[in-house]
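Contents: one structure, followed by commentary.
Letters A, B, ... mirror the listed sequences (proteins, then strands); counts begin at 1.
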Amino acid sequence: MLQLSFIREKTAEVIDRLKLKNFDGAEVISEILRLDDIRRETQKALDDLQAQSNTLAKEIGKLFKQGKTQEANTLKENTAELKLKAKDLDEKLESTRKELDELLVRVPNLPHTGTPSGRTAEDNEIILSEEALIPSSGEYLPHWDLASKYDIIDFTTGTKITGSGFPLYKGKGARLQRALINFFLDEARGEGYLEVQPPYMVNAVSAFGTGQLPDKDGQMYYAPVDDLYLIPTAEVPVTNIYRDTILKARDLPVKNAAYSACFRREAGSYGKDVRGLNRLHQFDKVEIVQVTHPEKSYQALEEMREYVAGLLRKLELPFRIVKLCGGDMSFTSALTYDFEVWSAGQKRWLEVSSVSNFEAFQSNRLKLRYKDEAGKIHLAHTLNGSALALPRIVAALLEINQTHEGIMIPEVLKPYCGFAMIN
RNA sequence: GGAGAGGUGGGUGAGUGGCUGAAACCAACAGUUUGCUAAACUGUCGUACGGGAAACUGUACCGGGGGUUCGAAUCCCCCCCUCUCCGCCA
């Protein structure tokens, strides 16, 4: 959620920058400003009225104590009218606030000035491509064939148990999952992230705090009996640790890492996108989250980008980093880097990580603030990134490391796996 | 799931209708003292939204929502949460 004060002060700039996200904000913004004027006006009137009531009430109390019942009762009569007026104003204030909020919540975050313009993934800017490891020739089976060949991922049984998009990992397949999770968590810890283990279900307030509600309502699994949502990413519970919090400036940056299973309905996906491990309803991911000082958030973003790149290098996977254009970026993000690994079997890039700076957009909803040295309170910045999401990493690993003898495990993972080859 | 107790500022905790945005203590922060640390002393110490150039000031908030009243942290109703006991159980 954008800050009202910012919209008020930099109206033209806000509208202008929203265009980068292909969002025509002119109308909404002016409506927001209009409602905000009404809101402030109404509040002023209501406050004044209540100030009057308060003084009256005090006087009445005093008169009663002095035994001046007659005078007190006369004053009492005056309060009836005040109350009526106050009620009106209160209702007006409430409804204006609600209207204002509904509009405000639907305005996306402003893209960073360095954001490439464009509408679709085609317009994204490739800022780094490490393709040396891409095999120039040879037969490479897609991972779903390898999965059944070595009996390490059983999609059919997963479908039987639950439904499509819920694979059953078996034997070395299951152990590889566990190895990757541990590897990612250990690496994150080495980078200064505090490991946390969050709940996998969240309440509506939390889902709202990070922007999943109302924006992505239909994408989350929902348990109506208890009114809880299954998390689509650990970002939700981890960032919500700091909801309604005022941190001390010296506590920044906060760095957390969490493994979680992630649940996504992925309504509307189909075709080659959902084949094998490409897109699942349940998958594993290690997420890194940072809460930073506003002036440090872009530096943190670059650090996170370097960190994720380092992970992919250690895994010896060809990858590229893409800076998302305005149209491809998420609602809440100001700047996002996507990481894509090369799928040797499918001959295409697969997204495995998304690293974003949300600036104060999430903080504003979350009421996540920090107190500076002078005791002033400001919104902090939040960032997060996958480090990393497992399924497509597994897909890429299986495909690129296949040999006639079996699938080779990358050096860094061997101690975690406890085996060097899947055969 | 059943029964009971309770939810007050960063923490402990006082407050049962007006003088309480909230005592006291602890923690925290700043200063004095000190060779340093500690101790002691002094001071500061909730948030949000308004008004004001500023000093300052108005309103709201004592789990959440509603109600009674001229006036509610305090009384009433609903909801949520926590704790204790019982039941069940990884």
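A side-chain donor from one of A:Y259 and A:D284 sits under 3.5 Å from a side-chain acceptor of the other.
The gap from the C1' atom of B:rG15 to that of B:rG1 amounts to 36 Å, rounded to the nearest Å. For the C1' atoms, the distance linking B:rA72 with B:rG66 amounts to 14 Å, nearest Å. The C1' atoms of B:rC25 and B:rC19 are separated by 24 Å, rounded to the nearest whole Å. Spacing between B:rU84 and B:rC75 at atom C1', rounded to whole Å, works out to 27 Å. B:rG2 and B:rG9 have their P atoms separated by 29 Å, given to the nearest Å. The separation of B:rA28 from B:rG46, taken at their C1' atoms, amounts to 13 Å, rounded to a whole angstrom. Nucleotides B:rC62 and B:rC81, compared at atom C1', are 16 Å apart to the nearest Å. For the P atoms, the distance linking B:rA54 with B:rG67 amounts to 37 Å, nearest Å.
In this structure B:rG35 sits in no base pair that meets the Watson-Crick or G-U test at under 3.5 Å. Base pairing analysis places B:rG7 opposite B:rC80; the two distances defining the Watson-Crick or G-U wobble pair are each below 3.5 Å. Shown here, B:rU74 forms no base pair; nothing in the strands shown gives a Watson-Crick or G-U wobble contact with both key distances under 3.5 Å. Base pairing analysis places B:rA14 opposite nothing; no Watson-Crick or G-U wobble pair with both distances below 3.5 Å involves it. Across all strands shown, B:rG58 is found opposite B:rC49 as a Watson-Crick or G-U wobble partner, with both distances under 3.5 Å. Using Watson-Crick or G-U wobble geometry with both donor-acceptor distances under 3.5 Å, B:rC19 finds no partner in any strand shown. Within the shown strands, B:rG2 is the pairing partner of B:rC85 under the Watson-Crick or G-U definition, both distances less than 3.5 Å. B:rA90 is unpaired under the Watson-Crick or G-U wobble criterion, no partner having all donor-acceptor distances under 3.5 Å.
The number of heavy-atom neighbours closer than 6.0 Å to CD of A:Q197, taken from other residues, nucleotides and ligands shown, is 12 or below. Other residues, nucleotides and ligands contribute only 12 or fewer heavy atoms inside 6.0 Å of the CD atom of A:Q70. At most 12 non-hydrogen atoms from other residues, nucleotides or ligands lie less than 6.0 angstrom from CZ of A:R119. A 6.0 Å sphere centred on NZ of A:K414 holds more than 12 heavy atoms belonging to other residues, nucleotides or ligands.
Taking every side-chain heavy atom of A:D47 into account, B:rU59 is the closest of B:rU59, B:rC70, B:rG50.
Counting any heavy atom pair closer than 4.0 Å across all strands shown, A:K44 reaches sugar-phosphate atoms only and no base atom. Heavy atoms of A:I246 sit under 4.0 angstrom from primed sugar atoms or phosphate atoms, though from no base atom. Among the atoms of the strands shown, base atoms are found under 4.0 Å from some heavy atom of A:Q43. In this structure, A:L49 reaches neither bases nor backbone, as no heavy-atom distance under 4.0 Å exists between it and the strands shown.
In this structure, the CG atom of A:L368 is 15 Å from the C1' atom of B:rU47, given to the nearest Å. The distance between atom CG of A:L82 and atom P of B:rG71, rounded to the nearest whole Å, is 10 Å. Look at NZ on A:K248: it is 11 Å from P on B:rA30, rounded to the nearest Å. Note: NZ (A:K98) to P (B:rG65) measures 15 Å, nearest angstrom. What separates CG of A:D251 from P of B:rC29 is a distance of 11 Å, to the nearest Å. Counting to the nearest Å, the C1' atom of B:rA48 and the CG atom of A:N364 are 12 Å from each other. In this structure, A:Q50 places its CD atom 10 Å from C1' of B:rG58, rounding to the nearest Å. One can place CG of A:D101 at 16 Å from P of B:rA48, the figure rounded to the nearest angstrom.
OP1 or OP2 of B:rG71 has not a single side-chain nitrogen or oxygen of A:N54 nearer than 4.0 Å. Note on A:R369: a side-chain N or O is less than 4.0 Å away from OP1 or OP2 of B:rA48. Proximity of A:R39 to the phosphate of B:rC49: no side-chain N or O atom is located under 4.0 Å from OP1 or OP2. At least one side-chain nitrogen or oxygen of A:K83 sits closer than 4.0 Å to the OP1 or OP2 atom of B:rG71. When the side-chain nitrogen and oxygen atoms of A:K371 are compared with OP1 and OP2 of B:rU47, one or more of them lie within a distance under 4.0 Å.
The two residues A:P108 and A:F361 have their closest heavy-atom pair at C-CE1, 3.6 Å.
Comparing A:S53 and A:L4 by the nucleotide of RNA chain B that holds the closest heavy atom to each, the one mapping nearer the 5' end is A:L4. Each of A:R40 and A:R250 was assigned the nucleotide of RNA chain B with the nearest heavy atom; the assignment lying further toward the 5' end belongs to A:R250.
Ring centroid separation for the pair A:F263 and A:H281 does not come in under the 6.0 Å cut-off.
Looking at A:K44 and A:E41, no side-chain N of the basic residue comes within less than 4.0 Å of a carboxylate O on the acidic one, giving no salt bridge.
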